[in-house]
Amino acid sequence: MKDIYGRQINYLRLSVTELCNLRCRYCMPEDGICKKRHEEMLTEEEMVMAVEAAASLGISKLRITGGEPLVKKNILSICKNVSGVEGIREVCITTNGTLLPQLAKPLREAGIRRVNISLDTLDQSKYAYITRRDSLGRAIAGIESAVNAGFEQVKINSVLIGGFNDDEIVALAELTMKYPVDVRFIELMPMYDGGELGQRAMVNNQVVLERLPQLEKTDGDGGVAQLYRLPGAKGNIGLISPVSHLFCSECNRIRLTADGKLKPCLHSNTEYNIKGLGYEAMVEQFRKTITGKPARHDELSAKNSSGAGRNMNAIGG
Ligand code: SAM
Ligand code: SF4
């Protein structure tokens, strides 16, 4: 279905939980989140019905996210069921990778085609600092499990943080020489509760091009990422620049939070509830979400943080 600005909305990000086994400083507070009551969260049946409702309006691509989707006990069943919904052509997942050693193969078998793994640093103490958990070894093992599990594509997402990992741009990019993976650098977004990093830590993605002058521009469908490649690499380097270059005019996505709120725009607090609704009412809420999608969100800057009203773990990044 097209929105009122002519954008074809065909992509749903489905958050299956707000909970996580890490505590990334730009995403979640240290003491976790105020855990919502079980009854407030979507059930698996509601998630599947929501995906059916979305597919009836032309959503064909689904990304499962969170929080950390792999801490959800019934994640394999959710993946299998949403992959089987008529009209859904591609189901992908975004994960911190730490549970992939045991789950990569079962996820592939449950219908997941592509996996994005978040990894901001290759240094054990820096990883422990930024995630507040000592799990780098498991994240790296997770990347290797994903590469061996036969997914169509494995991407590594690194949020660039000034004074923290901008000295690792080359090392992170060189993962594309070692593994058949894409590495994508993402600008840090000033979310609702900016945490201690704040907007001053935002690094413009142009810095990646300065540090890696040998990058060659490549064609290909990078979605919102501009694609480059290191000579001889097995995968691409992508630059995702939500702060320095708004990509609202190309935005094809809507989001469904784990507590059943449809969000037309990541950076807006407008939400449409679907928790507790039947199929027809859900379809109507999806229709409103798509037609209510704003032309663009405000610029994100030090003075102007996201209007999302939630932290990323409670939206579904
Ligand atoms: N737990 C999973 C993970 O980390 O991949 C999935 C959920 S996480 C919210 C999804 C993505 O959002 C991660 O790649 C994370 O780095 C990114 N993210 C979270 N907060 C962000 C922020 N303030 N700016 C940019 N990216 C952010
Ligand atoms: Fe958890 Fe992902 Fe947020 Fe890190 S970015 S705290 S892994 S949800």
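Residue numbers start at 1 and run along the sequence shown. As the structure lists them, so they are numbered: ligands from 1, and atoms in each ligand from 1.
Contact atoms of ligand 1 toward Gly67: 1 (N), 2 (C), 6 (C), 7 (C) (distance under 4.0 Å to a heavy atom of the residue). Contact atoms of ligand 1 toward Glu187: 25 (C) (distance under 4.0 Å to a heavy atom of the residue). Under a 4.0 Å criterion applied to the non-hydrogen atoms of Gly66, ligand 1 contributes the atoms 7 (C), 9 (C). With ligand atoms numbered from 1 in the order given, ligand 1 contributes 2 (C), 3 (C), 5 (O) to contacts under 4.0 Å with heavy atoms of Asn96.
No side-chain N or O of Glu68 forms a donor-acceptor pair with one of Asn21 less than 3.5 Å apart. In the model, Arg63 has a side-chain atom that pairs as donor or acceptor with a side-chain atom of Thr94 under 3.5 Å.
For Thr65, no nitrogen or oxygen atom sits less than 3.5 Å from a nitrogen or oxygen atom of ligand 1, counting backbone and side chain alike. Taking only nitrogen or oxygen atoms, main chain and side chain alike, Thr94 does not reach within less than 3.5 Å of ligand 1. Note: an N/O pair closer than 3.5 Å links Thr95 and ligand 1 by distance alone. Below 3.5 Å of separation, one finds an N or O of Glu68 facing an N or O of ligand 1.
Between Glu271 and Lys263, at least one side-chain nitrogen of the basic residue sits less than 4.0 Å from a carboxylate oxygen of the acidic one, meeting the salt-bridge criterion. Glu40 and Lys275 are not joined by a salt bridge, as no carboxylate oxygen comes within less than 4.0 angstrom of a charged side-chain nitrogen. Comment: Glu30 does not engage Arg23 in a salt bridge, judged by the lack of any side-chain N to carboxylate O separation of less than 4.0 angstrom. With respect to the salt-bridge test (charged N to carboxylate O, under 4.0 angstrom), the residues Asp167 and Lys126 qualify.
Hydrophobic clustering of Ile, Leu, Val, Met, Phe, Trp and Tyr side chains at less than 4.5 Å, counting indirect connections, keeps Ile4 apart from Ile59. Residues Ile186 and Tyr11 are members of separate hydrophobic clusters, defined by side-chain heavy-atom contacts under 4.5 angstrom among Ile, Leu, Val, Met, Phe, Trp and Tyr.
Looking at atom 21 (C) of ligand 1, its nearest protein heavy atom turns out to be Tyr26 CD1, 3.6 Å. For atom 13 (C) of ligand 1, the nearest non-hydrogen atom of the protein is Ser118 OG, 3.2 Å.
In the candidate list Leu22, Val71, Val159, Val115, Val159 is nearest to atom 17 (C) of ligand 1, counting heavy atoms. In this structure, of Met28, Met189, Arg25, Lys155, the residue bringing a heavy atom nearest to atom 25 (C) of ligand 1 is Met189. Scanning Arg13, Arg184, Met312 for the heavy atom closest to atom 27 (C) of ligand 1 points to Met312.
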Thr257/Asp259 under side-chain hydrogen bond (donor to acceptor under 3.5 Å, both in side chains): CA gap, chis, key distance, verdict: CA-CA 5 Å; Thr257 66; Asp259 59 345; 2.5 Å; yes

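Distances from atom 1 (Fe) of ligand 2 under 2.8 Å pick out these protein N/O/S atoms: Cys20 SG.
With hydrogens and angles ignored, the 3.5 Å screen pairs no side-chain donor or acceptor of Lys234 with any backbone N or O of Val181.
In this structure, Met49 and Leu277 approach most closely via the heavy-atom pair SD-O, 4.2 Å.
For Glu44, the side chain to side chain donor-acceptor pair (under 3.5 Å) test picks out Asn74, Ser77, Asn81, with sequence neighbours left out.
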